Each structure stands twice: as structure tokens, then as C-alpha cells.
There are 4 protein chains.
Amino acid sequence: MLNVGLLGAGRIAGVHARTITAHPGSQLAAVSDHFPEYAEKLAAEYGATARTTDEVLADPSINAVLIATSTDTHSDLIEAATAAGKAVLCEKPVDLSLDRARACQRAVRLTGQPVMIGFNRRFDPNFGAMKAALNAGEIGKAEMLSITSFDPAPPPLAYVKVSGGIFRDMMIHDFDMANFLMGEAPESVAAAGSSLVDPGIGEAGDVDTAIVTLRYADGRLAVIRNSRRAAYGYDQRVELLGSEGMLQAENVLENTVVKSSAAGVTGAKPTYFFLERYMPAFTAEWSAFVDAVGAGTDLPVTLDDGVTALAMAEAATRSHQAGAPVKLSDI
Amino acid sequence: MLNVGLLGAGRIAGVHARTITAHPGSQLAAVSDHFPEYAEKLAAEYGATARTTDEVLADPSINAVLIATSTDTHSDLIEAATAAGKAVLCEKPVDLSLDRARACQRAVRLTGQPVMIGFNRRFDPNFGAMKAALNAGEIGKAEMLSITSFDPAPPPLAYVKVSGGIFRDMMIHDFDMANFLMGEAPESVAAAGSSLVDPGIGEAGDVDTAIVTLRYADGRLAVIRNSRRAAYGYDQRVELLGSEGMLQAENVLENTVVKSSAAGVTGAKPTYFFLERYMPAFTAEWSAFVDAVGAGTDLPVTLDDGVTALAMAEAATRSHQAGAPVKLSDI
Amino acid sequence: MLNVGLLGAGRIAGVHARTITAHPGSQLAAVSDHFPEYAEKLAAEYGATARTTDEVLADPSINAVLIATSTDTHSDLIEAATAAGKAVLCEKPVDLSLDRARACQRAVRLTGQPVMIGFNRRFDPNFGAMKAALNAGEIGKAEMLSITSFDPAPPPLAYVKVSGGIFRDMMIHDFDMANFLMGEAPESVAAAGSSLVDPGIGEAGDVDTAIVTLRYADGRLAVIRNSRRAAYGYDQRVELLGSEGMLQAENVLENTVVKSSAAGVTGAKPTYFFLERYMPAFTAEWSAFVDAVGAGTDLPVTLDDGVTALAMAEAATRSHQAGAPVKLSDI
Amino acid sequence: MLNVGLLGAGRIAGVHARTITAHPGSQLAAVSDHFPEYAEKLAAEYGATARTTDEVLADPSINAVLIATSTDTHSDLIEAATAAGKAVLCEKPVDLSLDRARACQRAVRLTGQPVMIGFNRRFDPNFGAMKAALNAGEIGKAEMLSITSFDPAPPPLAYVKVSGGIFRDMMIHDFDMANFLMGEAPESVAAAGSSLVDPGIGEAGDVDTAIVTLRYADGRLAVIRNSRRAAYGYDQRVELLGSEGMLQAENVLENTVVKSSAAGVTGAKPTYFFLERYMPAFTAEWSAFVDAVGAGTDLPVTLDDGVTALAMAEAATRSHQAGAPVKLSDI
């Protein structure tokens, strides 16, 4: 049984609190937050106790910690929690600074504690079925990957300004998905980006529309498209061309109803945003964490995966600034 | 080379004139019509000559006749044309009177001339692919057939009144499709019908919405749904459940464009009506006729098929009136 | 808070135990079963106590009972539970005997207790969206309904023999769906059925393949197709033609992955059977029951609905035997 | 009436011969080819006469010329034909050399004769519907375009070696499609390519798998994906994200039949290659040419369009070689 301390009490922490509680192999022991009243509210809802983060980390009965705090605290908390002997599941990204993330990586290695990064999309059943079909050889050798990842609407400008930019904040999920499906990191990254959705995003030095091309050592190619706005909802599709065929993971729709009328044949939109689309993935992610920590086996997503995706985001950011491809080995 | 006389110069005759002309194995020699000016116009358009029907039938250089006149003339013209030694392709139905159609059937048999009835849907490439998959054993043994056949809008009441009713006029195509796919005629027919689309249709003694269930000697079942109105266009789908799977022939759409917006995900409507949907079928139908007559082989659809479908329409009409199933052997 | 006694500890009872426990407005107090060891096992799993049915009904702290026992006990238990002042949710059907069900209906009326019948499909989000679109006038007036309902594989013959036949056991769900969508019961029922899947089902006096046509007082029509076997899984589709368009609720698929290869373009199958397909419906059904009982408002599905669907099943059974339509008012 | 000389008698010339003949506003007068016997064969098939190219150009009764010869002759023939006062429809590309194409462009301008380049995809009804929806404002302002264009199988190496490379030979169609939909040429082009399908293509200095990113002056972005191999057939899709929605033009399928079985739900493949997929486009292209030349109005695709697409291909080739984006203004 995992006795879990939840660091953070915001929206995504709430999702995790439910998932931790529902899993037969874990229980929510404590919740901490920068704002204690939030921790108290969430703890009360799930029969846990509100504590300070230090108390959570000092409690020897707590053997796992889920970090769902703001990004700037991730590295410190990962280090502190592993130093305290906890197994860790931390939301992405590891850090906005690649250097800091790498320092964290080194520190964690010394502790030998398992750290998983919350790339929840790896646990989406559709992408999982895609990966399984690829591994089963159903399309031969993978050659060209295409990831479409559009948010329904841009976040507030205040968020954008501290987000680290679209590549570190949004596309990092897609970088990890590319690594998951292609089985390795690319050799180089070429980014093109524009501010088309909200001029304020451009004024903040960020972009809201981006296309990134990845090249792998053996010549395979991938392209990732991001937009901060899709009027029809959350667009999350993956397409992989192989030597013997193609796999596509299509969007999950709100329902299966189709209306035919004089105006055309209309079906439901994709589920609105990540909480709707990836709820099964959050559940499966936690289950995989509980299983691996319980059995002492390798975690399905590691801190190294988090650092690699962050390096790709860094490369994309530099490529966008320089207007030229960037080698990952130069990052 | 088939030297063809076209009897009739209406809309469907125009379709046939084009098909006859475009086929390398046939040429349009003459056109006749009740209204000579219509014949002259159509003949001029395709470089043929306008003649009377008697002249066409008396011309020994004309070896095939396509009958596209009004239904009440079909039987007489089939008899006259076969007596004159012509090969015949006649639009459906053979006649509104089953007795008259059977008399025609007997008369034709004495001539030994080939007569094909224009059940063009058998030549639709989608239904053809379905039949081929069935014959290839892809769904095992056929068990339950479902035919959906909705017109976009009801015909004028004046037409309805002389049409012979929905079962003889509209569903007769679906009866033939059932025979085509199930490989035999059913044992019994049970019809339910209502006038929901246009009260005038009900006042004329006809229905505009109907469900007919067919039972085969070996217990297999089929259901045909007809409506005289579908706001989204011409709905022509077939679904066949077998012991090892199901085949569905979906509608042909106007184009492949899909729009995703806040209002949903909208694709194109089905092609509007039979001229749009079945144009490839008209072409393939004529080609099959030319090939079979040229080679002296069996026609793919025969006068017997036309009489069988008419008998099923008669059975459905009586079943609807009696409110009980009717055996085909009682017709 | 509903304090719930669960009568029955079989597979479907297990589903309900989970749903009852997960709902914030209900808790599982006790489980009973004909085989006490089953009750003990299920109760232990959810922190409830195993008791006899009599003990459950006699316990004044238990204010609601969920009946998930074998069909032949439903009527007795509904009567006993309502007499004991409990709110009741009972699995379908009310009884295999329409007379017994009607007697139960009368007995319950005297108690004034709320009784809901477990027609879970009304709570499927897809059918719910369809109903909402219909109610919103999106297709005008409903005219012709078509329900496709195929099981993936036939049940054991031993089950078939005590099931009451396909109309009472399987199609009863579809009868209720028709009532749900058409807003009333039909005037007459015409059934055709065959034993095509398993000869043993025919020898047991039942059919495994059936088509039933419903006619409504105002002329609207409906058709229900049932098969005990679909090689591709559980086929649960509804299609409703209206004066201004058509609504279709398509199958829920296992995942959204599509593979294109030399063999064609292949997507996932429908979810395998009712537990997979209707899990969200079971959850929503219980939630609706808890809400209505808690607020003292009308139940969304009533015992009357259960009796109506049973009467339709009775009519279909008689129609199949007589080979002619049967009026519901004659049942 | 256009009296047409067809230069070239290969496969694509055969398609044009049929289209010219079938159109009521044009007739095929003469055919020429480097191999006179090919010209004779094709001319005989369509009732035209075989001549030398010089004879065709010298014949004042011939007022239009369709150039379907090998690429290296296009510029010379366009110049000769326009100098002879003919209207010209020439297959793409104008030339493999951008300098030569530009010289041709200058020469043609002096003649004032209309020259259309055979970018047939602009006339595909699906892409046409997409463009119409965009122009109608259905998705607001275009922001990100994605073109998928995969051939079913690579051409022979001998062809690859003289093709000018994938960007000039294959992707040039997609460059024109981008110009068609985005309404202007891009500012810069960034290409990534690999030889994954056939090592021989790489040894010949070409690539068979490529991703090209286009950036427009106002920040809009586009990406084009090419592969010389798709095991499932010809993949021709376009997707356009706008400020208020997304448009997708999906593949045209061989038929509408869907098979559900234990192996999944399988539909037909895309039509195999360009002759199948774009036959309606070839017909519409010719019709647009006949209409514009007849009416003396602007051609829907011009020689300038051909030169622009060629410049983009040149930019992509250089970008691929340099490993960095290339400005179109530098070409």
C-alpha cells in the first residue's frame, strides 16, 4: 500500500487526489499547499490531513509523494522528497531551466529513489493502442510521425508570461509523445512559430502557433503542430507512417450522435480539454506508478524522460530564435 | 456494335442517351417519344434521328431497344420489341399489373429474345463490392439484411396517383436489391406503412413511410425502410449481418470536406438524388447489357427478376391493406 | 444519504456495489444473496455486512434497496421492499409473467413507494444526447425509429431456457428505448423471428434473430432488430428519422486508432458487451435514482415503464407465434 | 470551339485526349509525339490525325495546344506555341530549371497568349469545396495549413534520376496547393528530407520522405509532408486551421463498404493513384481552360503560378542541402 503525500492542492492536484483515493493500492495520507486553506479543503474532501510540505516529507509513514505544485518548485521538491526516501511522481515539466533540471537529475541519481514525470498522455488508451500496434509490427518500420496538438483556447497572459514559452509549457507533452513512439530522442530540432491567436502572446515574447520538425539519427522525421486555439475543442491526434502502413489516433468525441440535416452531417466535437480527454490517462498513469513502485520495477516514464523533453523544448526555443535547426547534442 | 433505338425522350432517357453514346460498343441510332418534338431535341443532341416507335421497331438495322417511356407502356413495348427481334433493356417496373407483367413474361419467352430490367442499383460499385465480399465468404452466412432507402423529397401528388403506390414505385428497387443480395425471393412479406410526410399522399390511398419485413424459406430475415423524405438528401444504405461479421454500404457523399467548429464536426451530405448517386451505376448497367447481348451470355438482371420484384410489391401492398403477412406463393 | 441494501451478489450486483459506494450520496450497508458466501464476499470487498434478505428489509436504517437477484424473485422482492418502506431500484424485467408484474404494480401503488426499473440504456450519454437533440427540435417531428441491438455471442442454452425468450429477455431493453425516444407505447407490435445462430435455441422454443415492427397511434413506425450474435462485438445503435433530419447514435469503440494498410483502413471494434458499453450508464442511472429519491421527485424510469415494456415483449411473443401483428391493448 | 493539338502521346496525354474529346467545346484535331507511332495510335483512337509538332504549331486552324511531353521540352514548346498564337495548357512543371522557366515566362509575356499550367488538384471537387468554405469565412482567418501527399509506391529509379528531385517533381503540386489555399506565396521555405523508402533514391542524390515548413509574411504557417510510399494507396489530404475552426479534405475511397468482424471495422482504401483520384479534376481543369480561353477571361492557373511553385521547389531543394530555411526572395 502506498501512503501518499500530495504536494499542491490546485486543480490538477484535485484530479490526483481522486485517483489516489480510488486506487486499491494507494491512500491519500496528507495534502500540503502554499495556501494552507486550499490544502485543508482538499484534504477534508478525501479524508486526509492537511500538513506543511516539511511535515509530509518528514513523515516516515509516507512512502510516496505526488508533486502538483507550481513549476518553479518542482526541482527543489523532487530533490527534497527523494532525499527523504520517497518515491516521486512529479507533474511536467521538471523545471523551466534545463541546467536546474539536470542538477536535479544528478541529485536524484545519488538517492536511487524512483522519480516518474507526469507525461500522462503515454497512458492514454488510444496512444497506447497505437504504440502496441507499432511494436507488433503492424505498419513495419516507423518513418514519419505527425503530432497535432491544439488547445481549445489560450491561457491567460499572466500564465503565458511565466510559462517558459509554448515549447516548454505545451509542446513538451508532444516532445515526450514523439520520444515514446519513436523510441529515442531526435538528433535535431527545427522550429517555426508565430503569434496569430493573441497579439499579447507575441508581445510577451512567446508564440501561439508553432510547427516543429524533428530529425532522427537514422533519417526518420517527425513534425509537431501546436496552436493555442481550436474553436472546436481540444485537438489531440497522432499519425505515424510506416513502411507497411499508417496508424492514426483520432480525437475522442463527446458522444457518438450524428445529425443529418439540410445543413450537412454533424457529429460531436472532441472532448473539450485535457481533464476530459485524459482522465482515463491520469488513472492509468497513477496505476502504473503504484504498480512499479510496489514491485520495485522500472518506472514507465522517468526523470530522464523529463529532462530529455525539456532539452528538446530548449532546442526548439533556440531554433525558433535563430531561425535554423538546432542539434540536440548542442543543448 | 449495338445499334440502339431509344424509346422515350424524358429525363431518364437523356441519361441513357449519353451512356449509349459514350460506350464504345453501342451507338444511338434513333429516338422516339409520344411527343415528337422531345424526340427530335434529344436525337439532335446526340447525332441520332427522331422516328416513331413503329419505325424504330421496324428498322432491321436497329438490334437493341432501350425502353424509357411511361410505365403503362412497358409491357406492350417489351412484347413488340422482342417480337421484332430486338434485345431489350427496359426501365423498371415491368408493369403496375402483375398479371400483365406475367403475360408479358410468357410472350417474351416465346421470342427467346433477351430482356433486361433496369434495376440499376445492382450495378452501383458499392453494392457490388458488398455482394463480392459476401460471395467471398467474408461475413460467413447471411442472416439479416437491412435496407434503408429514403428519397430526399416526395414526388408531386399527380405522380403519386399514377405510381402504383410506394411499394411498386419506390420499394421495388429495394425488393430487387434484397433478391440480389440474398440470392432468392422471400417466402413471405409483411408491410407497415403510414402517411406522415404529406397528407395528400394518404388521401390518395398511398403511404410515404413504410417498413417491410421479409422472411426467407430458411429463416433468414430482411427489413426494408422507405421514406419519401429525408431532409439531408438521398439515403441509400444497405447492411447485412452474417454469421461471421457485418457488411455496410454507406452513403456516397458530395465531397470529403469536414468542418470542425464550435457547432460540431460537419461533413457533406449524401449526393442529392438518384441521378447523382447512381450515375456510375447507369453506365455500368449499360455496359453489362452491351457485353451480355454482344457475347450472347446471360443477362445479369432479367425480366423474371422484374416480375419477382413486382410480385413482392404486390404482396407488400396486400399485406399493408390486410395488416398481416402475405405469402409470396399466394400472389 | 441513501443507506442501501443490495439484494443479490452476482456479476451485475458487483457493478452496482461499486457504483453505490462511489456515489457521494449513497453507501452500501448490506448485501444478501441466496448463497450467503457470495454475499459475504461482495460485502467484504466494499466494507458492507452480509445479511439475509429478511434482515435487510427489516432494518429501518436501510432506506433503499437495489434488487439484482434472479428474475423470478423480482416481483416478490419489490412488493416486500416497498411494503417495508424502502425506495427500490430493480433490475429488468419486472417479471416474466405480465400478470404477476401487473399484480406487483398494483401492490406497489398501495405503498406509494418509489420503484425504478433498471433500464440503464436510458442513461447512456449517447442516447441521452440523441433524446436531447430530438426534444430540442433538431430533426423536427420523429417519424421512423430503428434500433439495432446485437449481442456479441448467445448466452448458454441453460440460460436461454429460463430467460422467457428473446423478446422478454433481450429486446425488452429495446422496447423501453423505443418508449423513451418515441414518448409513448406503440399501438401494435409485429414480430418475425428465427433460430439461425444456434439450433439449440430453436429447439428450446426460442429465436435468436428477430425483427419487430412497432406502429404508433399517429402512424409513426419503429423497427427493432435483435441478434444473439455479432462477430464484431456488442452492436448498439439507434437511428431516428424526423421531418427535418435524422439522428444516429453510433457504437462506442474500444479506441480511436485507425490502421491503413494494403488490407484496407481498419478501426477498432465496438466495446465488447454491456458491462463495457454501459458502465457510464450504470453510474448515471444510480445517480439519477439517488437524486430523485433524495429530492422526492419523480423517478426517470418507473415500474409502469417496466410493465409497459413487458407488455410489448408479451405482444411480440404472441405476434411471433401467431404470425400476425398484435395490438398492445389486447395484452 | 477549341480545335486542339495534343503534343505528346503518353499515358497522361491519353487522359487529356479523352477529356478534350468528351468536352462539347473542344475537339481533338491532331496528336504529335517524339515517337510517331504513339501519336498515330492515340490519334486513331480519338479520330484525330497524327502530325509532327511543327505541323501542329503551323496549322492556323488549331487554336489551342495541350503540352503533355517530357518536362525538358515544356519551356521550348510553350514558347513555340505561344509564338504561333496558340492558347496553351502545359503539364507541370514548367521546367526543372528555374532560370529557364523564368525566361519562358518573359517570352510568353511578349506574346500575350494565355498559358495555363496543369496543376489539376486545384480542380479536385474536394479541395474546391474547401477553398469555397474558406472564402465564405466558415473558419475565419486561415492560420496553419497541413498538406499530406504520399504516393502509393516510388517511381522507377531511372525516372527519379531525371525528375529534378522530390521537391520539383512531386511536392511542386503541394506547393501550388498551398498557394491556392493561402492565397499567396510564402516568405521562406524550410525543408527536411531523408531516403527511407529506397536506398537507391538516396544514392541518386534525392530523398523519398520530406517535411517542408512554409512561413508567410504575416506569420501564417504551413507544413507539407511527402512520402514516395504509402502501403494503403494514394494519400491526398489537406487540413487548414483557422481562427474559427478547421477544414479537412479527406481521402476519396474506393467504395463505401465497411466490414465489421472479429478483426475490427474495415473500410476501403483510398483510390490507388492520381489517375483514379484526380480524374474528375482533369475533366474540370480542361473545362475551365476551354471556358476561359473561349470567353477571353483570366485563366484560373497561370504560367506565373507554375514559376512560383518551381521557385518554392528550388528553395526547398536548397534548404534541404543547406540544412536551414531559405527565403523565397533569395531564389
Side-chain angles (χ1 to χ4, degrees), chain B residues 18-19 21-24 45-47 123-134 136-140 181 235-271 276-277 279-281 284, chain D residues 18-19 21-24 45-47 123-134 136-140 181 235-271 276-277 279-281 284:
Chain B
R18 179 155 35 134
T19 304
T21 305
H23 195 287
E45 202 176 331
Y46 287 95
F123 301 94
D124 175 83
N126 306 295
F127 300 141
M130 191 174 198
K131 173 83 166 171
L134 174 67
E138 294 191 21
I139 58 162
L181 290 169
D235 196 338
Q236 297 281 297
R237 287 171 290 148
V238 176
E239 185 173 312
L240 182 52
L241 179 70
S243 54
E244 296 170 23
M246 176 172 66
L247 292 168
Q248 293 168 295
E250 301 285 357
N251 280 317
V252 174
L253 305 183
E254 288 176 342
N255 60 58
T256 68
V257 177
V258 176
K259 178 174 73 168
S260 297
S261 72
V265 178
T266 301
K269 289 183 289 186
T271 50
E276 293 83 4
R277 164 64 192 256
M279 194 51 75
Chain D
R18 180 156 34 135
T19 304
T21 305
H23 195 287
E45 202 175 332
Y46 288 94
F123 302 93
D124 175 84
N126 307 295
F127 300 140
M130 192 174 198
K131 173 84 167 170
L134 174 67
E138 295 192 22
I139 58 161
L181 290 169
D235 195 338
Q236 297 282 296
R237 288 172 289 149
V238 176
E239 184 172 313
L240 182 52
L241 179 70
S243 55
E244 296 170 24
M246 177 173 66
L247 292 168
Q248 294 168 293
E250 301 285 358
N251 281 316
V252 174
L253 305 183
E254 289 176 343
N255 60 59
T256 69
V257 176
V258 176
K259 179 175 74 169
S260 297
S261 71
V265 177
T266 301
K269 290 183 289 185
T271 50
E276 292 84 5
R277 163 65 191 257
M279 193 52 74

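What you see is a predicted model, and the numbers here were worked out from it, not measured in a lab. First the proteins, then the strands, lettered A, B, ... as listed; each starts at 1.
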Expected output: side-chain D:N126 to main-chain B:V257 donor-acceptor under 3.5 Å =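 A pair under 3.5 Å: no.
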Atom CD in D:E244, atom NZ in B:K259: separation rounded to 0.5 Å?
->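 These two atoms lie 9.5 Å from each other.
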Once you round to the nearest 0.5 Å, how far does OG1 of D:T256 lie from CD of B:Q236?
->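 D:T256 atom OG1 to B:Q236 atom CD measures 11.0 Å (nearest 0.5 Å).
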Hey, which of B:E239, B:R237, B:M246, B:M130 has the most heavy atom pairs under 4.5 Å with chain D?
->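 Between B:E239, B:R237, B:M246, B:M130, the count favours B:M246.
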For the candidates D:P125, D:S260, D:S261, which exhibits the highest count of non-hydrogen atom pairs separated by less than 4.5 Å from chain B?
->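 Of D:P125, D:S260, D:S261, D:S260 has the most heavy-atom pairs under 4.5 Å with chain B.
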Give, as side chain, backbone, both or neither, the part of [X] having an atom under 4.5 angstrom from any heavy atom of chain B.
X	result
D:A249	both
D:L247	both
D:E138	both

B:N251 versus chain D, heavy atoms under 4.5 Å apart: side chain, backbone, both or neither?
->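 Contact with chain D is through the backbone of B:N251 alone.
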